[in-house]
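First comes the structure, then the notes that go with it.
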Amino acid sequence: MYGQQRIPRYQQVYDDALRRATRGRRVDKEARRRRKLPLGGSAVPQGHILILQFAYHDFPEMPEITNQIQAAFQRIGFEVTDFRIPMRNPLYHLENKLAQFLKSGDRNTVLMIYYGGHGYVDNYGRGLMWQSHNVNAKFRAAPAHVAWRHIRKYIVAAERNVGIILDCCSAGAAVIPSIAERAGPQGAGTTAAARGLEYNKLQPRRGYQKEVIAAAGWGVETTGGTSKALCSVLNNWDLDQEDSLSVETLHERMVHFLAREGQDSQPVRWREMNTIDGRVRIPHIRQR
């Protein structure tokens with residue numbers, strides 16, 4: 001009995017000594033659990049961003065914006081892929097690209113997806129639509145369209161942590177599929193916000209987070225300030241002080257930047273489906 005009573009005390013002393021000896025090391029299962037990093041991945045987190053825009057658009061400033069975003073993510077060590085969505089069969093080509101991109105690296109790789117271009121709320125219940133350009137006297141060609149809900153299902157099912165930045169008008173309408181899924185199959189057909197949307201049975205993979213930063217709310221126009229704010233935050237990130245940046249903190253700093261700039265529209269943020277604890281954290285990869 002005496003020995004049985006003393007064992008817990010000795011075990012506590014041993015555990016305390018072990019914690020002191022391994023302080024600062026993140027190699028054990030408990031540390032991985034706290035960091036929300038699945039087992040079987042690389043020790044050093046990796047990052048990869050997919051920059052999306054249509055191959056044909058009516059934004060003369062888009063090439064410069066794209067270059068700035070690419071440079072900002074390269075500064076923190078991210079691999080960058082710039083993909084121009086084709087005008088013919090845009091959804092088919094985008095789905096193929098996403099299928100490839102969402103398997104980048106290993107399960108510890110943090111993925112970011114950026115879209116810059118036109119956006120609007122569809123009148124037929126399809127939620128947020130991406131559009132290549134507006135039809136006018138100068139641009140008479142028929143625009144290409146992609147429904148956000150058609151590509152979102154691949155993102156939420158990916159075995160990666162993913163952050164999404166949507167810099168387009170009405171970007172906040174991207175939350176509609178989330179509302180439908182939270183309501184369930186029956187609720188999706190009865191709630192006003194989800195009317196006309198099919199219930200998406202794809203669920204987020206256990207242990208992987210998906211977060212969205214949208215440039216503007218429902219039916220609100222944006223002037224591209226979100227991209228400028230994104231670049232400013234990343235370029236002013238003190239890499240010596242912070243090993244990573246949560247999407248939540250990124251959003252807060254973007255809002256502060258836009259407030260200082262006097263922008264009327266402010267980006268909004270949400271967690272897809274809101275069923276998993278944890279946050280998407282953007283790492284920076286330093287040369288050691």
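In what follows, every heavy atom counts, from backbone to side chain, and hydrogens, waters and symmetry copies are set aside.
- Of the inter-residue distances, the one linking Trp130 atom CH2 with Cys169 atom SG reads 14.5 Å to the nearest 0.5 angstrom.
- Residues Ile76 and Leu245 are not in side-chain contact: their nearest non-hydrogen atoms beyond the backbone lie 4.5 Å or more apart.
- The ring-ring contact (aromatic ring centres under 6.0 Å, His included) test applied to His93 returns no partner, not counting sequence neighbours.
- Not one N or O on the side chain of Trp148 forms a donor-acceptor pair closer than 3.5 Å with the backbone of Leu128.
- Side-chain heavy-atom separations under 4.5 angstrom define the hydrophobic clusters, and Tyr92 shares its cluster with no other residue.
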Task: Asp58 vs His118, side-chain contact (heavy atoms from CB on, under 4.5 Å): CA-CA, chis, key distance, verdict - done: CA-CA 9 Å; Asp58 53 1; His118 285 293; 2.7 Å; yes
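- Ile282 and Val255 sit in two unconnected hydrophobic clusters of ILVMFWY residues. Membership requires side-chain heavy atoms under 4.5 Å apart, directly or through other members.
- Minimum heavy-atom separation, Cys168 to Tyr115: CB-CE2, 3.8 Å.
- Under the 3.5 Å distance criterion, the side-chain polar atoms of His48 are left unmatched by any main-chain donor or acceptor of Thr109.
- One distance of note links CD of Gln53 with CD1 of Ile69; it measures 9.0 Å at 0.5 Å rounding.
- Not a single donor-acceptor pair under 3.5 Å links the side chain of Lys97 to the backbone N or O of Ile85.
- Note: Leu91 CG to His145 NE2 = 13.0 Å, rounded to the nearest 0.5 Å.
- With Gln131 contributing its side chain and His133 its backbone, the two residues share a donor-acceptor pair below 3.5 Å.
- Listed for the Asp122 side chain is no donor-acceptor partner under 3.5 Å among the backbone atoms of Gly127.
- Across all their heavy atoms, Pro63 and His57 have their closest contact at CD-CE1, 4.4 Å.
- Grouped by direct or indirect side-chain proximity (heavy atoms under 4.5 Å, Ile/Leu/Val/Met/Phe/Trp/Tyr only), Tyr120 sits with Met129.
- Between Leu258 and Pro267, the shortest heavy-atom distance links the atoms CD1-CD, 3.3 Å.
- Here the rule is side chain to side chain contact (heavy atoms under 4.5 Å, CB included) with Val212, and of Ile164, Ile155, Ile113, Val162 only Ile164 fits it.
- Rounded to the nearest 0.5 Å, atoms CZ (Phe101) and OG1 (Thr81) are 6.5 Å apart.
- Nearest heavy atoms, Phe78 versus Pro283: CE1-O, 3.2 Å.
- Here the closest non-hydrogen pair linking Ser132 and Pro143 is OG-CA, 3.4 Å.
- Within the 4.5 Å cutoff, no side-chain heavy atoms of Leu230 are placed close to those of Phe257.
- Taking CZ from Arg281 and OG1 from Thr249, the interatomic distance works out to 6.5 Å, rounded to the nearest 0.5 Å.
- By the 4.5 Å heavy-atom criterion applied to side chains, Val156 and Arg152 are counted as neighbours.
- Looking at heavy atoms from C-beta onward, Val280 lies out of side-chain contact with Leu111 at the 4.5 angstrom threshold.
- Residues Val268 and Gly172 come closest through the heavy atom pair CG2-CA, 4.5 Å.
- Between the CD atom in Gln100 and the CG atom in Leu50 there is a gap of 9.5 Å [rounded to 0.5 Å].
- Between Tyr114 and Asp82 there is no side-chain heavy-atom pair separated by less than 4.5 Å.
- For the side chain to side chain contact (heavy atoms under 4.5 Å, CB included) test with Val233, the passing option among Lys228, His256, Met254 is Met254; the others fail.
- Listed for the Arg75 side chain is a donor-acceptor partner under 3.5 Å among the backbone atoms of Leu234.
- Remark: side-chain polar atoms of Arg160 are paired, donor with acceptor, to backbone N or O of Asp106 under 3.5 angstrom.
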